[in-house]
Q: 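Dropping a structure here in structure tokens format, bear with me for questions.
All figures in this text were calculated on a predicted structure; none of them were measured in a lab. Quick note: residue numbers are just sequence positions, from 1.
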Amino acid sequence: MKPQGFTLIEIAIVLVIIGLILGMVFKGKQLIDQTRVKNLAGQYHKIVGAIQTFYDRYGFYPGDGCTTADPTSPALCTGPKNGFIDNSMNEMQAFWNLLFRTGILTPSDRNSVYGQPWNILLGNNPAAGLSNQTNWLDLPGGAQADKRVACALDRMIDDGRANNGSVITFGNPYNPQSDCWSLSGQVNIHLKVIP
């Protein structure tokens with residue numbers, strides 16, 4: 001009786017199958033990341049479009065001049081309007097509530113591809129690119145966005161520079177010559193929405 005064992009051909013076949021499986025896993029991760037970039041860009045454009053739709057209908061940005069956080073109608077925002085959303089809780093919460101109440105956005109439109117809801121904030125750091133009197137979408141809690149995705153998004157909808165334009169990131173900068181998909185780590189991402 002011959003001893004039982006694997007032949008070289010059988011081992012080679014097993015290694016080829018393992019290589020194919022690993023290749024599919026890595027390719028699947030790339031596809032997921034690229035889809036995340038496209039979804040993030042689509043969400044950004046949807047929110048910017050919703051803000052412009054609201055402005056066209058009512059003549060002011062959602063939340064601007066609201067003295068309560070949950071106005072039942074845009075007509076109730078009778079406070080002074082300055083053309084941006086102040087960092088007051090009333091205006092920041094009214095921003096989202098008015099977009100939802102008017103049916104321009106749904107609450108699920110506020111959720112980022114990372115699972116957290118976007119916040120609206122007023123730029124307060126001109127040296128870092130967040131100019132005053134400009135509103136930005138921000139993920140709560142600091143550096144939570146995948147740097148590769150943020151870099152690819154910046155290239156897709158802006159200029160590819162981490163600290164300039166409509167996409168600003170904090171933490172380990174990149175530039176237009178960077179290979180986005182070779183980067184690592186997390187960044188804090190801001191997307192310009194008003195004006």
Q: In this structure, are over 12 heavy atoms from other groups packed under 6.0 Å from Leu15 atom CG?
A: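 For Leu15, atom CG is crowded (more than 12 foreign heavy atoms under 6.0 Å).
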Q: Are Arg161 and Asp154 ion-paired here, with the side-chain N under 4.0 Å from a carboxylate O?
A: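 Asp154 and Arg161: not salt-bridged.
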Q: When you compare the side chains of Asn119 and Asp138, does any donor N or O come within less than 3.5 Å of an acceptor on the partner?
A: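 Result is no, nothing qualifies.
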Q: Quick check: is Ile168 connected to Val193 through a chain of hydrophobic side chains (ILVMFWY, heavy atoms under 4.5 Å apart)?
A: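 Different hydrophobic clusters.
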Q: Just wondering, do Leu40 and Val149 contact through their side chains at under 4.5 Å, heavy atoms?
A: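 When only atoms from C-beta onward are counted, Leu40 and Val149 do touch, with a gap below 4.5 Å.
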Q: Side-chain donor-acceptor pair under 3.5 Å between Asp56 and Thr53, yes or no?
A: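 Side-chain D/A pair, Asp56 to Thr53: absent.
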Q: Report the distance from atom OG1 of Thr72 to atom CG of Leu98, rounding to the nearest 0.5 Å.
A: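 Those atoms lie 9.0 Å apart.
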Q: Let me check something: do Ile157 and Val48 share a hydrophobic cluster, defined by ILVMFWY side-chain heavy atoms less than 4.5 Å apart, either directly or through other members?
A: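 Linked within one cluster.
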Q: Taking the side chain as everything from C-beta on, heavy atoms only, tell me whether Trp118 gets closer than 4.5 Å to Leu139.
A: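 In contact.
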Q: Indicate, with yes or no, if Met89 and Trp136 share a hydrophobic cluster defined by side-chain heavy-atom contacts under 4.5 Å among Ile, Leu, Val, Met, Phe, Trp and Tyr.
A: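 Each belongs to a different hydrophobic cluster.
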Q: Do you know which two heavy atoms are closest between Pro62 and Ile51, and how far apart they sit?
A: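 Taking Pro62 first and Ile51 second, the nearest heavy atoms are CD-CG2, 4.2 Å.
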Q: Could you tell me whether a side-chain N or O of Tyr44 sits under 3.5 Å from a main-chain N or O of Lys192, the two making a donor and an acceptor?
A: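 It does hold such a pair.
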Q: Are Leu191 and Met156 linked, directly or through intermediate hydrophobic residues, by side-chain heavy-atom contacts shorter than 4.5 Å (ILVMFWY only)?
A: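 The answer is yes; both residues are in one hydrophobic cluster.
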Q: Taking all non-hydrogen atoms of both residues into account, name the closest pair between Ala75 and Thr78 and its distance.
A: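 Heavy atoms of Ala75 and Thr78 come nearest at O-CG2, 3.5 Å.
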Q: With a 4.5 Å cut-off on side-chain heavy-atom distances among I, L, V, M, F, W and Y, is there a chain of contacts connecting Phe60 to Leu76?
A: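 Different clusters: Phe60 never reaches Leu76 through Ile, Leu, Val, Met, Phe, Trp or Tyr contacts under 4.5 Å.
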Q: So, Asp146 and Arg36, do they make that salt bridge, N to O below 4.0 Å?
A: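 Judged by the 4.0 Å cut-off on N to carboxylate O distance, Asp146 and Arg36 do not form a salt bridge.
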Q: Spell out, as yes or no, whether a donor-acceptor pair under 3.5 Å connects the side chain of Gln43 to the backbone of Asp109.
A: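 Yes, the answer is positive, given that a donor and an acceptor are paired below the 3.5 Å cut-off.
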Q: Just by modelled atom types, is the Pro176 backbone N or O under 3.5 Å from a matching donor or acceptor in the Arg155 side chain?
A: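 Here the side-chain-to-backbone pair exists.
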Q: Any non-hydrogen side-chain atom of Thr169 less than 4.5 Å from a side-chain atom of Asn188?
A: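 A side-chain contact under 4.5 Å is absent here.
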Q: Could you give the distance from CG (Leu105) to CZ (Phe95), rounded to the nearest 0.5 Å?
A: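 CZ of Phe95 is found 8.0 Å from CG of Leu105.
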Q: Going by atom types only, do Asn135 and Tyr61 share a side-chain donor-acceptor pair under 3.5 Å?
A: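 No donor-acceptor contact under 3.5 Å links the two side chains.
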Q: To the nearest 0.5 Å, what is the distance between CG (Leu99) and CD1 (Ile120)?
A: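 These two atoms lie 9.0 Å from each other.
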Q: At what distance, to the nearest 0.5 angstrom, does CG of Asp64 lie from CG of Asp86?
A: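 Answer rounded to 0.5 Å: 7.0 Å.
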Q: Return yes if some donor-acceptor pair links the side-chain N/O of Asp158 with the main-chain N/O of Val167 below 3.5 Å, else return no.
A: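 Looks like yes, one N/O pair under 3.5 Å.
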Q: Does the side-chain contact (heavy atoms from CB on, under 4.5 Å) test come out yes or no for Phe84 and Leu122, once each step is laid out?
A: CA-CA 8 Å; Phe84 51 86; Leu122 181 64; 3.5 Å; yes
Q: Can you find a heavy atom in the side chain of Thr134 that is under 4.5 Å from one in the side chain of Ile194?
A: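 No. Closest side-chain heavy atoms not under 4.5 Å.
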Q: Give a yes or no answer on whether the side chain of Glu10 reaches the backbone of Thr7 with a donor-acceptor pair at less than 3.5 Å.
A: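 Looks like yes, one N/O pair under 3.5 Å.
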Q: Is a side-chain donor or acceptor of Arg148 paired with a backbone partner of Cys180 at a separation under 3.5 angstrom?
A: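 Pair absent, no side-chain N/O of Arg148 close to backbone of Cys180.
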Q: Taking all non-hydrogen atoms of both residues, which atom of Gln93 and which atom of Ala69 are closest, and how far apart?
A: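 Heavy atoms of Gln93 and Ala69 come nearest at OE1-CB, 3.0 Å.
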Q: For Tyr58, does the OH atom have more than 12 heavy-atom neighbours from other residues, nucleotides or ligands under 6.0 Å away?
A: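 Yes, enclosed.
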Q: Measuring from atom CG of Asn175 to atom CG of Asn164, what distance do you get when rounded to the nearest 0.5 angstrom?
A: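 It is 12.0 Å, given to the nearest 0.5 Å.
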Q: With the side chain counted from C-beta on, respond yes when Cys77 and Thr67 share a heavy-atom pair under 4.5 Å apart, and no when they do not.
A: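 With C-beta onward as the side chain, the pair stays apart.
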Q: Checking Glu91 side chain against Gly65 main chain: does a donor-acceptor pair fall under 3.5 Å?
A: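 Checking the backbone N and O of Gly65 against the side chain of Glu91, a donor-acceptor pair under 3.5 Å is found.
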Q: As an exercise, state the distance from SG of Cys66 to CD1 of Ile85, rounded to the nearest 0.5 Å.
A: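 Rounded to the nearest 0.5 Å, the SG-CD1 separation comes to 7.5 Å.
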Q: Taking side chain as C-beta onward, heavy atoms only, is Trp96 less than 4.5 Å from Pro117?
A: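 A side-chain contact under 4.5 Å is absent here.
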